[in-house]
Novice: 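One structure is given below, represented as structure tokens, and several questions about it will come after.
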2 protein chains.
Amino acid sequence: MSYATEPVTLSLKAARERKGLSQRTLGAQAGVPQSHISRIEKGVVDLRLSSLVELARTLDLELMLVPRGKTAVVQAIIRDDDQRNIQSARGAAKILQHLENQIEALPGDVQSEIVIQKLQRWVRELMHFNLSADDLVQLQDVSAVMQEFQNDPCNLSAAGRAETRMSVLRNALADDVGASVMSGPRPAYRLDGDDHG
Amino acid sequence: MSYATEPVTLSLKAARERKGLSQRTLGAQAGVPQSHISRIEKGVVDLRLSSLVELARTLDLELMLVPRGKTAVVQAIIRDDDQRNIQSARGAAKILQHLENQIEALPGDVQSEIVIQKLQRWVRELMHFNLSADDLVQLQDVSAVMQEFQNDPCNLSAAGRAETRMSVLRNALADDVGASVMSGPRPAYRLDGDDHG
DNA sequence: ATTTTTGATAGACTTTTATATATCAGAAAA
DNA sequence: TTTTCTGATATATAAAAGTCTATCAAAAAT
């Protein structure tokens, strides 16, 4: 297709993948058939403005007309935003992995405690979400609380607090955008307002 | 039409008007019939991405997908750019008006000099162009030279130098984008790379 | 190993853009 | 005033987008 439109459709696809959405779930959210999204990303069709805007919004993107002389600046801003979100996602993944390792390293009797079991469930479930910078901060809190517990394994109240915070975080995410935030098979990142709407 | 696309088509129209292009001349440059542009600006049609990109580029604009959280920053950048270009155009208009007044205030015999006549022609012709920040700087030079002449009206060489610079500026503009840069009836501004392409 | 998910692709059909060409009223310029 | 220019609008036609529905191979999860 027209080479001029390629950058747009490509960054549309990149955004979708960053958010870990499949063509089907994105289509469901935006009200567009999966087949159409496929053709758009492949550059087979010359999509209409309304479709473009619709898809962009679903991906937390806004279409803007930027003066030639300013494109470099804007692109730098966008790249920086992407970078930060990717870093957040990576950081979150790292913390979650660490938490899981900590739990698995616990003695058997402690591991069978209901609090610990629940905590483990939350950890595993959260690994399937795409986490933002805000979420990362909360995860770091949880990690700190867990450190307390690590220092004094007899006291289960710390673990309880960690479990509570974790469940709150997970439920907030689930409420937020519904099941659509669930990531696909590959490592998925998120691209949206880290700086307060 | 879909309310979601309105901001885009509106800023397209705004950009065209800033550049002082008629729907017809823009259409000629972008290879699109005037009737189509009218319908686009009126929001009657849901134009295709390729058309959008084509029109945008003709207007020195680039289509970009900006993360929600960053739209405010980007919009500030765009507004600032617009503002600077509008200021340039206003400044240029002011200088040209001043030059014309200066010439008309000259004694009849000096006014009939060929150099002065030519200079006056350039001034009047340039008033029909949309001038950028770069052009403004050159105009300021001319204005300074004219001040020399004002101080010593017997010495026509200063006027000659002013005339030369003026013609160079005009021809550069004419070469640049062809007759399409000629402004419409209303005060017209320009929106493009003030900072070296 | 089996089930599920993902992206690509196809056919039939409707809706819409986009083009070419004209016309027209109102604003601006001569 | 008269001419020129601008934007809105109409019609007919060709060329696509967009939807619905389904299928399919490969990758991934169980």
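Computed from heavy atoms alone, side chains included, the values below leave out hydrogens, waters and symmetry copies. A, B, ... follow the sequence lines: proteins, then strands. Residue 1 opens every chain.
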Novice: Provide, to the nearest angstrom, the distance between the CD1 atom belonging to A:I37 and the C1' atom belonging to D:dT19.
Specialist: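 It works out to 13 Å between those atoms.
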
Novice: If I take atom CG in residue B:L47 and atom P in nucleotide C:dT15, what distance separates them, rounded to the nearest angstrom?
Specialist: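 Distance, rounded to whole Å: 21 Å.
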
Novice: Say whether, by atom type as modelled, one donor and one acceptor occur between the side chain of A:R16 and the main chain of A:L21 under 3.5 angstrom.
Specialist: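 Yes; at least one donor-acceptor contact below 3.5 Å.
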
Novice: Out of D:dA8, D:dA17, C:dT6, which nucleotide sits closest to the side chain of B:S38?
Specialist: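 My answer, after comparing the listed nucleotides, is D:dA8.
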
Novice: Considering only C:dT17, C:dG7, C:dT9, which nucleotide approaches the side chain of A:K42 most closely?
Specialist: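 Looking only at heavy atoms from C-beta outward on A:K42, the closest nucleotide is C:dT9.
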
Novice: Supply the atom-to-atom distance B:S143 OG to B:Q150 CD, rounded to the nearest 0.5 angstrom.
Specialist: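 Between B:S143 OG and B:Q150 CD, I get 9.5 Å after rounding to 0.5 Å.
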
Novice: Let me confirm one number: the CG-CG distance from A:L96 to A:L139, rounded to the nearest 0.5 Å.
Specialist: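 If we round to the nearest 0.5 Å, A:L96:CG and A:L139:CG are 5.0 Å apart.
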
Novice: Atom CZ of A:R124 to atom C1' of D:dT30: distance rounded to whole Å?
Specialist: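 Roughly 15 Å, once rounded to whole Å.
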
Novice: Please write out the pairs of protein N or O atoms and N or O atoms of nucleotides 21-25 of chain C separated by less than 3.5 Å, giving the distance to one decimal.
Specialist:
{"unit_1": "C:dT21", "atom_1": "O4", "unit_2": "B:S35", "atom_2": "OG", "d": "3.3"}

Novice: For the side chain of B:R39, starting at C-beta, report the closest nucleotide among C:dG7, C:dT19, D:dG7.
Specialist: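 Looking only at heavy atoms from C-beta outward on B:R39, the closest nucleotide is C:dT19.
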
Novice: So does B:Q34 get a backbone contact from the side chain of B:S38, meaning a donor-acceptor N/O pair under 3.5 Å?
Specialist: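 The answer is no, because no donor-acceptor pair under 3.5 Å joins these two groups.
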
Novice: For residues 99-107 of chain B, please give each side-chain donor-acceptor pair under 3.5 Å, one per line with the distance, not counting sequence neighbours.
Specialist:
{"unit_1": "B:E100", "atom_1": "OE2", "unit_2": "B:R124", "atom_2": "NE", "d": "3.0"}
{"unit_1": "B:N101", "atom_1": "OD1", "unit_2": "B:Q97", "atom_2": "NE2", "d": "3.4"}
{"unit_1": "B:N101", "atom_1": "ND2", "unit_2": "B:Q97", "atom_2": "O", "d": "3.4"}

Novice: Could you tell me the separation between the CD1 atom of B:I40 and the P atom of C:dA18, rounded to a whole number of Å?
Specialist: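 Between P of C:dA18 and CD1 of B:I40: 6 Å.
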
Novice: Look at A:R48 and D:dA16 and indicate whether a side-chain polar atom (N or O) is within less than 4.0 Å of OP1 or OP2.
Specialist: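 No, because none of the side-chain N or O atoms of A:R48 sits under 4.0 Å from OP1 or OP2 of D:dA16.
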
Novice: Let me know the distance between CG of A:L26 and C1' of C:dT6, rounded to the nearest Å.
Specialist: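 Taking CG of A:L26 and C1' of C:dT6, I get 13 Å after rounding.
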
Novice: Find the distance B:K13:NZ to D:dG7:P and express it as a whole number of Å.
Specialist: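 Rounding to the nearest Å, NZ of B:K13 and P of D:dG7 are 8 Å apart.
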
Novice: Starting at OG1 of B:T9, measure out to CD1 of B:I40 and round the result to the nearest 0.5 Å.
Specialist: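 Between atom OG1 of B:T9 and atom CD1 of B:I40 there are 9.0 Å.
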
Novice: Between B:D152 and B:E148 (side chain of the first, backbone of the second, donor and acceptor by atom type, cut-off under 3.5 Å), is there such a pair?
Specialist: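 No.
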
Novice: Specify the separation, in whole Å, of atom CZ of B:R16 and atom P of D:dT6.
Specialist: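 Rounding to the nearest Å, CZ of B:R16 and P of D:dT6 are 10 Å apart.
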
Novice: Between C1' on D:dT9 and CD on B:Q23, what's the gap in Å once rounded to a whole number?
Specialist: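 Going from B:Q23 (CD) to D:dT9 (C1'), I get 11 Å.
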
